[in-house]
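Residue numbering restarts at 1 for every chain, and letters A, B, ... go by the order of the sequence lines. Since the structure is predicted, the reported quantities are computational estimates derived from the model, not experimental observations. Heavy-atom basis, side chains included; hydrogens, waters and symmetry copies ignored.
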Amino acid sequence: MASSKLSCTMGQKKQRALEAKRHQNPSDGTQMPSPKELHLGPPATLGPTRSIYFSSPEGRPARLGSAFFDQPAVSLARAFLGQQILVRRLDDSTELRGRIVETEAYLGPEDEAAHSRGGRQTPRNRGMFMKPGTLYVYLIYGMYFCMNVSSRGDGACVLLRALEPLGGLEAMRQLRHALRKGAAGRALKDRELCNGPSKLCQALAIDRSFDQRDLARDESVWLEQGPPEPSEPAVVAAARVGIGQAGEWAQKPLRFYIRGSPWVSVVDRAAERDTQTGARACSHKDF
DNA sequence: TAGCCGATCCCCT
DNA sequence: GGGGATCGGCTAA
């Protein structure tokens, strides 16, 4: 991404604000599809060859099939970033779309921070043990939902933490607004719509009724391959958020996000420095 | 802008 | 009965 170069000379917050503005108001000549264009059908640019991951013979050529999800959690968490677009079709056929920019990997029984630690399998976390691509949606703090996608490996999954909203932003804003405490408050900025695991669930109207659904087959929620980026996004590997009790597992760099993205929920400058100097190098060898 | 803290209730032990 | 993969309002610097 061109923005990674900018980050050397510009403060990150400023850069993020500029990026957000550019996405909303492209003035650099780059053609950004309008939300309406994004709303309609699959992306126009699918590339010359069809990946084996693509399924659905009729209609939705860009939808990702079961094979895509059948990879280890770390690998899947990284594969989600940048080019995968989460689509949610509401009952009135409105389609909400967002590009995945931040994920966390939970590795299964050995991972002290995972709900499946020690091999625990309960009615709540059953989705973690189901076939790759199964959703695990649970209630947290009595008020919010979090959305995971199971990966290869028993009890392993990927938490979706943030999206870059691409289509249906007004519907997202309404959904978020309706669920906030001070519902009479100010309108949410675009970057506040999906920059957190529960925020994105609110914005996409994802609740527990989505638990254990198959992301490769469901009619209301699926994943699409987005238009190709000019270059691979720079990915930062950082410690996961909100798992202070998990000992050494709390420190492992199992959270992944796109460097410089204004849509990410939590920025970790130390991890970004490590990644830049190669000290952490975003390598799977860490695990 | 960063840090603190209350809200809220299900799930697990 | 206690804790939690969060969020947002408030306050201080």
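- Of all nucleotides listed (B/dC10, C/dA5, C/dC7), C/dA5 comes nearest to the side chain of A/Tyr138.
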Could you walk me through whether A/Leu86 and A/Leu204 satisfy the side-chain contact (heavy atoms from CB on, under 4.5 Å) test, starting with their C-alpha distance in whole Å, then the side-chain angles of each, then the deciding distance to 0.1 Å, before giving a yes or no?
CA-CA 9 Å; A/Leu86 185 65; A/Leu204 299 188; 3.4 Å; yes
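- Residue A/Leu160 contributes atom CG, which lies 15 Å from atom C1' of C/dT6 at whole-angstrom precision.
- Rounding to whole angstrom units, CD1 of residue A/Ile140 and P of B/dC10 are separated by 14 Å.
- Side-chain atoms of A/Arg269 lie closest to B/dA2 of the nucleotides C/dA5, C/dT6, B/dA2.
- When the P atom of C/dT6 is taken as reference, atom CG of A/Asn148 falls 11 Å away, rounded to whole Å.
- Residues from residues 118-130 of chain A placing a heavy atom under 4.0 Å of any atom in DNA chain C, listed by number, are A/Met128.
- A/Arg176 and A/Gln202 form a side-chain donor-acceptor contact under 3.5 Å, judged by distance and modelled atom types alone.
- Residue A/Leu159 holds its CG atom at 10.5 Å from CZ of A/Phe80, rounded to the nearest 0.5 Å.
- Using a 4.0 Å heavy-atom distance criterion, A/Leu159 is classed as a base contact.
- Of the two residues near DNA chain B, A/Arg208 and A/Tyr141, the one whose nearest nucleotide lies more 5' is A/Tyr141.
- Look at A/Arg117 and you won't find any side-chain N or O under 4.0 angstrom from OP1 or OP2 of C/dA5.
- Atoms CG (A/Asn195) and P (C/dA5) sit 19 Å apart, rounded to a whole Å.
- As rounded to whole Å, 15 Å separates atom P of B/dC10 from atom OH of A/Tyr144.
- Residue A/Arg161 has a polar side-chain atom (N or O) positioned under 4.0 Å from OP1 or OP2 of C/dT6.
- Considering A/Asn148, A/Val241, A/Val158 in turn, A/Val241 is the only one that fulfils the side-chain contact (heavy atoms from CB on, under 4.5 Å) rule with A/Glu104.
- Considering only the side chain of A/Leu139, B/dC10 comes nearest among B/dC10, C/dG8, B/dA7.
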Pairwise N/O distances under 3.5 Å, protein to nucleotides 11-13 of chain C:
none

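- Stem list for DNA chain C (at least 3 consecutive Watson-Crick or G-U pairs, distances under 3.5 Å): B:1-7 with C:6-12, B:9-12 with C:1-4.
- Rounded to a whole Å, the CG atom of A/Leu188 is 12 Å from the C1' atom of C/dC7.
- Listed by chain and number, the residues in a ring pair (Phe, Tyr, Trp, His ring centres under 6.0 Å) with A/Tyr138 are A/His115, A/Tyr136 (sequence neighbours excluded).
- Contact annotation: the side chain of A/Val101 never approaches that of A/Leu163 to less than 4.5 Å [non-hydrogen atoms, C-beta and beyond].
- For the salt bridge (Lys or Arg N to Asp or Glu O under 4.0 Å) test, residues two or more places apart in sequence or in another chain that qualify with A/Arg173 are A/Glu170, A/Asp190.
- Transitive grouping of hydrophobic side chains (ILVMFWY, heavy atoms separated by less than 4.5 Å) brings A/Leu81 and A/Leu107 into a common cluster.
- Taking atom CZ of residue A/Arg176 and atom C1' of nucleotide C/dC7, one finds them 8 Å apart after rounding to whole Å.
- Side-chain contact annotation: A/Glu224 with A/Trp222, donor-acceptor N/O pair under 3.5 Å present.
- Counting only residues at least two apart or in different chains, salt bridge (Lys or Arg N to Asp or Glu O under 4.0 Å) contacts with residues 119-129 of chain A are absent.
- Between A/Leu193 and A/Asn195, every side-chain heavy-atom pair lies at or beyond the 4.5 Å cut-off.
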Hey, mind stepping through A/Ser265 and A/Glu102 against side-chain hydrogen bond (donor to acceptor under 3.5 Å, both in side chains) and telling me if it holds?
CA-CA 8 Å; A/Ser265 69; A/Glu102 183 183 355; 2.9 Å; yes
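- The distance between atom CG of A/Leu107 and atom P of C/dA5, rounded to the nearest whole Å, is 15 Å.
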